[in-house]
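Each chain gets a letter, A, B and so on, in the order its sequence line appears, and its residues count up from 1.
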Amino acid sequence: MEDSFLPESARIWLEGAEPVDLVIGLLTFNDTTTAPSLVRAMIEGCARSLPQQRILVVNCDAGSQDGTTQAIEQSVGDKARLLTIPHAVLGSSYKLVSESGVPGRESAFRILATVTDKLNAAACVVVDGNVKSVDEHWSQLLVDPIVEKGVDCVLPWFLRNRYEGTLTNTLLAPLTTALYGKRIPYHLGGAYAFSANMIRSTLLPQPWGEEIARHGIDGWVMTLAVAESLQICRAALGPRLQQVKPMGELSDLVAQSVGCLFYLMERYQEKWETVKGSAPIPTVGPPMGMGAATGAINVERMVNGFRQGLRDLLPVWQIILPAETFQQVLELGVEDTDGFRFSPSLWVQVVYDFALAYHERLLHREHLLKALTPLYLGYTASFVSGTRAQGVEQVERELARLNDHFETMKPYLVQRWRWHDE
Amino acid sequence: MNDLWGDAMMAAFQDMMKRVAVFLPKLLALFSFILLGIILAWVLKLALQRLLQAVRVDVLSERWGVQATLAKSGFKQPLSQIVGRLAFWMVFVLFVFMGVDALDLPATAALMGHLLGFFPSLVTASLLLLVGVLLGNFLGEATLIAMVNAQIHEARLIANCVRWGVFLFTISMVLTQLGIAKEVVVSAFSIILGGVVLALSIAIGLGGRNIARDALERRWRKAKDKEERDEMAHL
């Protein structure tokens with residue numbers, strides 16, 4: 001097995017190490033305020049729910065300068081075995097907007113997968129070091145499905161407010177559902193759990209050095225979970241409170257996350273083009289709804305962002321969108337801010353047309369993905385202003401309606417995709 | 001009288017025939033060169049296209065966005081075909097030059113020497129022009145999208161400045177490479193660039209002080225507004 005990317009000290013440690021049952025991977029980068037209590041909660045949770053399991057905590061650190069690794073060592077003490085692996089951060093990784101604030105997460109995932117495989121562990125739990133809301137139940141929710149029920153991958157499901165994660169709710173999640181037929185929350189980062197089977201059959205053989213690594217590991221793992229033949233479930237982990245919220249330009253965020261989906265659509269074309277309809281995945285933990293809080297949202301600014309796109313990006317959109325979609329987008333510009341409405345069907349049409357243009361390479365791919373940002377702002381503004389005065393149920397209904405649009409309009413995507421390939 | 005006339009006619013005819021006898025092989029050489037040029041250029045074009053397709057140049061150029069930029073510049077064909085065509089015309093023109101040179105005409109002898117000497121510069125200048133157009137369009141597009149996403153109202157103006165800045169720089173490099181009015185081009189470019197910078201400095205320093213201050217304040221306030229008022233998590 002390829003392990004040259006592991007630091008020398010880790011390779012030596014692993015050669016003489018005894019097998020373990022469970023690996024708890026902790027991804028850190030200057031998380032001294034949150035990581036020590038987080039790792040304690042995870043170990044205590046495991047000790048309570050899985051008392052006979054031999055646990056190894058692996059701290060993958062991206063070069064903390066605030067004594068995170070030492071604080072974790074103190075916190076772990078003799079409660080579990082600990083291996084600290086500082087991992088390299090490639091130059092390209094700094095460009096990635098990381099949900100956990102850890103640069104080079106893909107390297108850390110690869111290290112954790114390799115360590116789990118080498119030590120013959122049954123499962124690997126990956127937790128971000130900056131999450132404040134981790135409690136003892138997390139270990140149980142994440143590990144139990146793998147150990148007890150033979151699940152391959154446990155995805156996180158967080159309690160979120162109605163307009164939290166609009167890109168996820170209006171594009172990433174419904175598109176993934178429509179493509180692969182599994183209704184996943186698509187909550188990126190926080191925590192995951194993988195079985196030894198998934199690590200061996202899916203994660204380790206990934207092309208870690210190729211273009212996909214530039215899109216970030218989270219969307220990558222999410223798509224692998226639904227596209228490969230794996231048993232998956234979601235763990236209801238409650239709210240996710242982070243010490244530091246991820247930073248980054250919206251257009252980078254869109255390019256990275258949507259780019260990941262579009263990129264993997266090419267790889268998994270044979271899988272998704274035959275899928276019809278969708279089904280929910282099993283849930284572990286108490287069912288959760290959507291939080292009612294809206295937070296401060298500047299709808300006018302979003303509409304202005306869309307209008308500026310309409311004014312300045314027309315030549316670019318004209319290359320990407322077919323005449324019919326382009327005409328409908330043009331017509332949106334005449335509405336005033338209060339009456340501004342971007343219909344869900346048009347939004348789905350736009351997303352599918354962008355996916356097709358990405359596949360057909362009509363434009364430089366990064367330019368194409370970033371040119372989607374004003375359109376996303378337009379749809380989000382319309383979605384927020386259309387549901388703001390109503391209850392959470394209405395938001396959930398709207399999102400369900402959007403999901404249906406993605407599914408019913410999928411034949412258009414399949415047909416045009418095939419037509420281009422012929 | 002008749003003999004003299006006959007001799008003169010014969011001499012002129014023989015002289016003419018001699019010249020034709022000397023010129024005909026040269027003309028034949030010209031046509032041979034043209035024919036050979038077409039065949040060799042065609043073979044080279046085909047070989048080059050196959051080679052470039054084999055090393056997946058078309059796929060790579062699509063992946064890197066070169067193809068899209070070429071299409072925007074008016075070149076709709078795949079990169080391998082464009083390179084193949086360029087190679088065809090270069091070889092063909094070279095053989096035409098050789099053919100014309102074979103005619104050994106006093107008027108073309110010096111011209112051919114000059115043209116052949118000029119040929120490498122012409123090839124380099126063409127490549128410079130191609131790269132410049134591609135780069136200008138690519139950077140212009142990247143700037144436009146970035147500015148629109150940052151909601152800067154002058155997005156198109158800035159993008160056009162970037163695009164035309166690269167084009168101007170390319171044109172000056174191409175002209176310098178061709179040796180056309182070298183000093184004039186360098187001076188003109190320096191004057192234009194210096195003039196633009198000076199004009200902007202004066203405009204902002206004297207005339208547009210308040211506008212610049214307002215613009216900066218607006219920008220700062222907008223960034224602050226964004227931080228304070230937008231609590232939206234997109235992912």
Task: Main-chain N/O of Leu144(B) paired with Asp312(A) side-chain donor or acceptor, under 3.5 Å - done: no
Open item on the list: Any heavy-atom pair between the side chains of His234(B) and Leu250(A) that's under 4.5 Å?
Closed with: yes
Task: Atom pair CD (Gln151(B)) and CG (Asn304(A)), whose distance is rounded to the nearest 0.5 Å - done: 6.5 Å
Task: Pro374(A) versus Val148(B), closest heavy-atom pair with distance - done: CG-CG1, 4.1 Å
- [ ] With a 4.5 angstrom heavy-atom cut-off, could you sort out which part of Thr166(A) is near chain B: side chain, backbone, both or neither?
- [x] both
Open item on the list: Quick check on Met173(B): does its CE atom have over 12 non-hydrogen neighbours (other residues, nucleotides or ligands) under 6.0 Å away?
Closed with: no
Determine all donor-acceptor pairs shorter than 3.5 Å in which one atom belongs to a side chain in residues 77-86 of chain B; sequence neighbours excluded.
| from | atom 1 | to | atom 2 | distance (Å) |
| --- | --- | --- | --- | --- |
| Ser80(B) | OG | Asp58(B) | OD1 | 3.2 |
| Ser80(B) | OG | Asp58(B) | OD2 | 2.8 |

- [ ] Pull out the residues in residues 379-387 of chain A that come under 4.5 Å of chain B, heavy atom to heavy atom, sorted by number.
- [x] Thr380(A), Val384(A)
- [ ] Mark yes when over 12 heavy atoms from residues, nucleotides or ligands other than Phe92(B) sit less than 6.0 Å from its CZ; otherwise mark no.
- [x] yes
TODO: Kindly check if the number of other-residue, nucleotide or ligand heavy atoms within 6.0 Å of CZ (Arg311(A)) is above 12?
DONE: yes
Open item on the list: Using 0.5 Å steps for rounding, measure from the CG atom of Leu313(A) to the CD atom of Glu141(B).
Closed with: 9.0 Å
Task: Atom group of Tyr186(A) that falls short of 4.5 Å from chain B, counting heavy atoms - done: neither
- [ ] Mind checking the CG-CG spacing from Leu172(A) to Leu235(B)? Nearest 0.5 Å is all I need.
- [x] 6.5 Å
Task: Choice from Lys370(A), His187(A), Glu366(A), Gln308(A) maximising heavy atom contacts with chain B below 4.5 Å - done: Gln308(A)
